[in-house]
Amino acid sequence: MIPKGLSLLQAPPFSVVAVFFVSGLAFGFLGFSLIAYYLIVGSFNLPVAVHALTLGFAASIMLGALFQMLPVVAGAVIENPRPKAYTTSALLSLGVLSLMLAFHLGDRNIYLIALCLLLIALLPISVLMLYKLLKIKSYTPTSQGMRFALFSFILAIGAGALHLSVSRGLLPMNLPINLFELHVGLMLFGWVGVLIASVAFQVVEMFFITPPYPKYLSKYLPPSAVVFTLLLPLLGDVSKVALALLFTLFAIATLRNLLRRRRKLPDPIVYLWIEGMLFLLLSAAAYLVNHFLAFLVLYGVFALSVITAMLYRIVPFLVWFHLSNQGVVGAPTMYEIVPVKNIWLNFYLHTAASVGVLLSVLELLPAFAVPLIYAASTALMGFNLGRAMLLYRRLYIRV
Amino acid sequence: MHIAQYLTEEHRKCDEEFAKVEEAVAAQEWDKAKELFEKFRDDTLLHFRKEEEVLFPTFEETTGITMGPTQVMRHEHAQAKELLSRLEEALNAKDKNTFMSVGESLMILIQQHNMKEEQILYPMSDQHLDSESMVEEMSKLGEI
Ligand SMILES: [Fe+2]
Ligand SMILES: [Fe+2]
């Protein structure tokens, strides 16, 4: 038996990951700008803004990260990743744009187009990824968690598509259960939450030299989170309390590990993780008291903080790694690719916006300022990481 | 003792040593940093030797897998060595920024490398090789 995932050739080309990150960041900027605009003009279309950020930004970046992590971390190889990544990314971008337009105009035909594009973009690739993960024999908490995350993602897409089709009159039928609740729950907890947790089980220990997560958490959080989300329509508050508890435990375990890290030097990436966990705790509280909008925003800050931290670690590392593998002598390293002062600046901007979220709740800050700062923070991230990608292209030796 | 336990402990020790080097460099305590770095470098290289001279050849011989994981591990050792020599240059030049930058790349490289060894290669070695005698062979090269 030759263990997979150990061959260099199995790490996908940098462009595979890059397309998802670039389009993701563009949607992030678009989404935050749109929210700022809505708040300024005083009319808010929540589904338009939310899907720019959840699908256009988060899902795109998470799919890109999975293309990288599946072979390297889990040992599940996706053959010929380039065309798969490019088509997925292109269809996803078109799909998100059409979905935003459809929510904006409420037009039946555009809903249909958006649904088709998104289903074609997302279902084949996530089913393929899940299949590859299910095929590997030896698995870790991380690859196990990724299975549950992808399983949730597939169900959540289905639930969302069905809910939309019925509620917009595309399908003439009645639904016995509340698919909207399932769609939101599976996307946020099952997909985003479980994927972030599963990745954390591996990378927090690696990046910051911390003690490992408790076994009970890394083993049981992913399945429990998915099961309790699926039971939401049935158990109601019991499920809610269980979910809040699970993610609270995860946040506390992560904070505890980070505070015990061996690498104690000030590091914006560590602080982003800590910030993310604090907002996860706040969002769990908002969820428990049934404040949906507050929960959504706070949970979003959690995900955004962690995604920002991950991008600033992964992109510069991959630039060095791929250049070094191509035999570029003295290939630039982390902070030569993205200067650490730029990462600090981004950390401050991001944190200013996150504190702004809390201030605007207390009405100490006009709400529109918050998405504006996030838009600036996303633009800075796009600038820093875009420059890293251009540097890669410049130094890349064409073989 | 298992191969996995023996070599994983060495990974942990090297991690801790590197964290100390980083702290000394950040504080610009160059003499201390150099001393700590040399310990870290020598221990890391010794660990690589144990793998390259004892574990990998036996693994390849016993399992017949020669072009797989061990080749990738050797390649990553070579990448790590290049970064180690760049770290040494940065230390000699008392160049804190370059040290931190190269150090971060080295840390991620080593961490993902160690993860693959600990999760796949070492357990496979324990499964296919005589753990006790392998550990004995490796400790003959020295202890960290
Ligand atoms: Fe090694
Ligand atoms: Fe090793």
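So that the names make sense, note that chain A is the first sequence line, chain B the second, and so on, each numbered from 1.
- Note on A:Arg263, A:Lys264, A:Glu336: by heavy-atom pairs under 4.5 Å with chain B, the leading option is A:Arg263.
- Looking at B:Leu83, only its side chain comes within 4.5 Å of chain A, counting heavy atoms on both sides.
- Scanning residues 193-206 of chain A against chain B with a 4.5 Å heavy-atom cutoff picks out A:Gln202, A:Glu205, A:Met206, ordered by number.
- Around the CD atom of B:Glu52, the shell of radius 6.0 Å holds more than 12 heavy atoms that belong to other residues, nucleotides or ligands.
- Ranking B:Ser105, B:Pro123, B:Gly64 against chain A, the residue ahead of the rest is B:Ser105, based on heavy-atom pairs under 4.5 Å.
- The CG atom of A:Asn325 sits 4.0 Å away from atom NE2 of B:His75, with the distance rounded to the nearest 0.5 Å.
- Of the two parts of B:Met100, the backbone and the side chain both hold a non-hydrogen atom closer than 4.5 Å to a non-hydrogen atom of chain A.
- The greatest number of non-hydrogen atom pairs below 4.5 Å with chain A, out of B:Gln111, B:Glu82, B:Met107, is found for B:Gln111.
- Between B:Val102 and A:Thr333, the shortest heavy-atom distance links the atoms N-OG1, 3.5 Å.
- Here the CD atom belonging to B:Gln119 is positioned 7.0 Å from the OG1 atom belonging to A:Thr142, to the nearest 0.5 angstrom.
- Taking a 6.0 Å sphere around CZ of B:Arg12, one finds it holds more than 12 heavy atoms contributed by other residues, nucleotides or ligands.
- Within 6.0 Å of the CZ atom in A:Phe151, the count of heavy atoms belonging to other residues, nucleotides or ligands does not exceed 12.
- Across every non-hydrogen atom of A:Val72 and B:Met115, the tightest pair is O-CE, 4.4 Å.
- Both the backbone and the side chain of B:Gln112 come within contact range of chain A, with heavy atoms under 4.5 Å apart.
- A salt bridge (charged side-chain N to carboxylate O under 4.0 Å, His left out) check over residues 66-78 of chain A, counting only residues at least two apart or in different chains, returns nothing.
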### Message
The test is side-chain hydrogen bond (donor to acceptor under 3.5 Å, both in side chains); show your working for A:Ser324 and B:Gln79 and say whether it passes.
### Response
CA-CA 8 Å; A:Ser324 163; B:Gln79 285 179 306; 2.7 Å; yes
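- Across every non-hydrogen atom of B:Arg86 and A:Pro332, the tightest pair is NH2-CA, 4.3 Å.
- In the displayed structure, B:Lys34 atom NZ is contacted under 6.0 Å by more than 12 heavy atoms of other residues, nucleotides or ligands.
- In this structure the side chain of A:Phe321 never reaches within 4.5 angstrom of the side chain of B:Ile108, judged on heavy atoms.
- Considering all non-hydrogen atoms of both residues, A:Tyr335 and B:Ser101 come closest at N-OG, 2.8 Å.
- For A:Arg261, no part lies near chain B; criterion is any non-hydrogen pair under 4.5 Å.
- No more than 12 heavy atoms of other residues, nucleotides or ligands lie within 6.0 Å of CG in B:Asp31, so this atom counts as exposed by the packing criterion.
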### Query
Passes side chain to side chain contact (heavy atoms under 4.5 Å, CB included), A:Val340 versus B:Glu104? Steps please.
CA-CA 11 Å; A:Val340 70; B:Glu104 197 61 60; over 6 Å; no
